[in-house]
Amino acid sequence: MEKEFKSGFVSIIGRTNVGKSTLINSLVGEKIAIMTNKPQTTRTAIRAIVNRENSQIVIIDTPGIHKPKSKLGETMNDTAFGVTSDVDVILFLIEATSKNIGPGDRKIIEKIKQANKKTILIINKIDLVKKEELLSLIELYSAEYNFSAILPISALKQDSTELVLEEITKLLKPGPAFYDTEEYTDQTMRQLAEETIREKALKLLDDEVPHGLYVEVEKMKLSKSREDNKPFYNIEATIYCLRESHKGIIIGKKGQMLKKIGTYARQDLENTLGMKVNLKTWVKVKEDWQDTDSIVKKFKWSN
Ligand SMILES: Nc1nc2c(ncn2[C@@H]2O[C@H](COP(=O)(O)OP(=O)(O)OP(=O)(O)O)[C@@H](O)[C@H]2O)c(=O)[nH]1
Ligand SMILES: [Mg+2]
């Protein structure tokens, strides 16, 4: 007998920097969400679609829970918590290196209790600890909630990530595919371009500057090359930052830094889009954008 098709929505929640986006990309097998070693990388909910022969799992990446310092930060936390009430299964990600339950994780546990959904606890980054160290962490967390499963994994090394999909599938109900089975994200090309540029800036710049950045693509146009008639994208984007001094750092000496950001972003985009890309970037200062409602609303969760 053929297996019944299963489908459902899953959200991934956890403190900032625990590896949520890394896990999502590894499960989908495509780079959908940007990942960096800087906290607060993901700013909004992003849907990733895992298509398999007998199932379709829609996993929603969310911003990391952190102590907010602006309207943007508050919105990011609200988005992460908001998603939990709209899904069938929750993945709660923690780090194997944790020794106790900190205030951020406490808050998440409270929300999980309120949501009262099937929840899988995922202990990520097991490549950084000895196996024995996991036992006390497992004990600590099992006492807090009746998790449907507890899975120690390494998203980076792709260790036991397949088990995550297996456990999710066990918890899903029979149902149809919600998205075309060829699709793997609901992000637009424009969002993808914005996020790619932001990722390169986050990776290349130091601490204070990157968190004040946001990227807006002003133009994204498909054209055909006159030389060989092949299609290519013309993309124009602005990188906004909080201060004049930041602008100088982003542009760099003789424009070197901006050039680097642009080159790395273009290479990534060419890979993802499968065609040549012309990318032009500008830098502008917008001091209070993180507290400007019209901008921050872009990061709100809407289902
Ligand atoms: N050693 C190790 N590092 C990992 C693992 N998974 C993720 N990382 C690293 O952890 C850092 C954060 O990863 P992200 O996937 O951006 O984390 P995130 O939870 O999405 O972070 P936010 O979007 O800021 O909330 C990156 O430097 C990853 O390479 C893992 O299994 N082992
Ligand atoms: Mg992330």
Side chains of Gln187 and Ile32 in contact at under 4.5 Å (non-hydrogen atoms)
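Yes - at least one pair of side-chain heavy atoms lies under 4.5 Å apart.
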Do Thr272 and Lys31 make a side-chain contact, defined as non-hydrogen atoms from C-beta onward lying under 4.5 Å apart?
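The answer is no; the side chains never approach within 4.5 Å.
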Please report the interatomic distance [atom1]([X]) to [atom2]([Y]), rounded to the nearest 0.5 Å.
X	Y	atom1	atom2	answer
Glu194	Leu213	CD	CG	13.0 Å
Thr62	Phe81	OG1	CZ	9.0 Å
Ile235	Ile197	CD1	CD1	6.5 Å
Tyr184	Asn25	OH	CG	10.5 Å
Leu140	Leu135	CG	CG	12.5 Å
Glu4	Lys173	CD	NZ	12.5 Å

Above 12 or not: heavy atoms from other molecules or residues under 6.0 Å from [atom1] of [X]?
X	atom1	value
Lys276	NZ	no
Lys113	NZ	yes
Asp180	CG	yes
Tyr179	OH	yes
Glu218	CD	yes
Lys298	NZ	yes

For [X] against [Y], the heavy-atom pair lying closest together:
X	Y	answer
Ala155	Thr161	CA-CG2, 4.1 Å
Leu273	Tyr233	CD1-CD1, 3.7 Å
Leu137	Glu95	CD2-O, 3.7 Å

Report yes or no: does [X] contribute a side-chain atom to a donor-acceptor pair with the main-chain N or O of [Y] at less than 3.5 Å?
X	Y	answer
Asn229	Lys224	no
Asn51	Glu183	yes
Asp159	Ser154	no
Lys125	Thr97	no
Thr185	Arg47	yes
Gln191	Thr188	yes
Lys20	Arg15	yes
Ser160	Leu163	no
Trp282	Glu236	no
Lys6	Leu172	yes

Is any NZ, NE, NH1 or NH2 atom of the basic residue among [X] and [Y] found under 4.0 Å from an Asp or Glu carboxylate oxygen of the other?
X	Y	value
Glu195	Arg43	no
Lys170	Glu167	yes
Lys118	Asp88	no

With clusters defined by side-chain heavy atoms of hydrophobic residues (ILVMFWY) lying less than 4.5 Å apart, directly or transitively, does [Y] cluster with [X]?
X	Y	result
Ile123	Ile120	no
Ile46	Met35	no
Ile239	Ile295	no

Report yes or no: do Thr196 and Glu199 form a side-chain donor-acceptor pair below 3.5 Å?
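No pair is found: no donor N or O on one side chain lies under 3.5 Å from an acceptor on the other.
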Would you call the rings of Phe147 and Tyr141 parallel, tilted or perpendicular if under 30° counts as parallel and over 60° as perpendicular?
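Answer is tilted, since the angle falls between 30° and 60°.
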Can you list the steps and then say if Glu270 with Arg266 is a salt bridge (Lys or Arg N to Asp or Glu O under 4.0 Å)?
CA-CA 6 Å; Glu270 286 182 339; Arg266 178 180 56 75; 3.3 Å; yes
List the steps and the verdict of salt bridge (Lys or Arg N to Asp or Glu O under 4.0 Å) for Glu133 and Lys99.
CA-CA 9 Å; Glu133 290 174 44; Lys99 296 279 176 269; 3.8 Å; yes
Compute the ring centroids of Tyr145 and Phe92, then answer whether they are less than 6.0 Å apart.
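No, the ring of Tyr145 stays outside the 6.0 Å limit from the ring of Phe92, centre to centre.
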Given Trp301, which partner from the list Asp86, Thr79, Thr75 fulfils the side chain to side chain donor-acceptor pair (under 3.5 Å) test?
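It is Asp86, the one option of Asp86, Thr79, Thr75 that forms the side chain to side chain donor-acceptor pair (under 3.5 Å) with Trp301.
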Among Thr42, Thr41, Asn17, whose side chain to side chain donor-acceptor pair (under 3.5 Å) with Thr36 holds?
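For Thr36, the side chain to side chain donor-acceptor pair (under 3.5 Å) test succeeds with only one of Thr42, Thr41, Asn17, which is Thr41.
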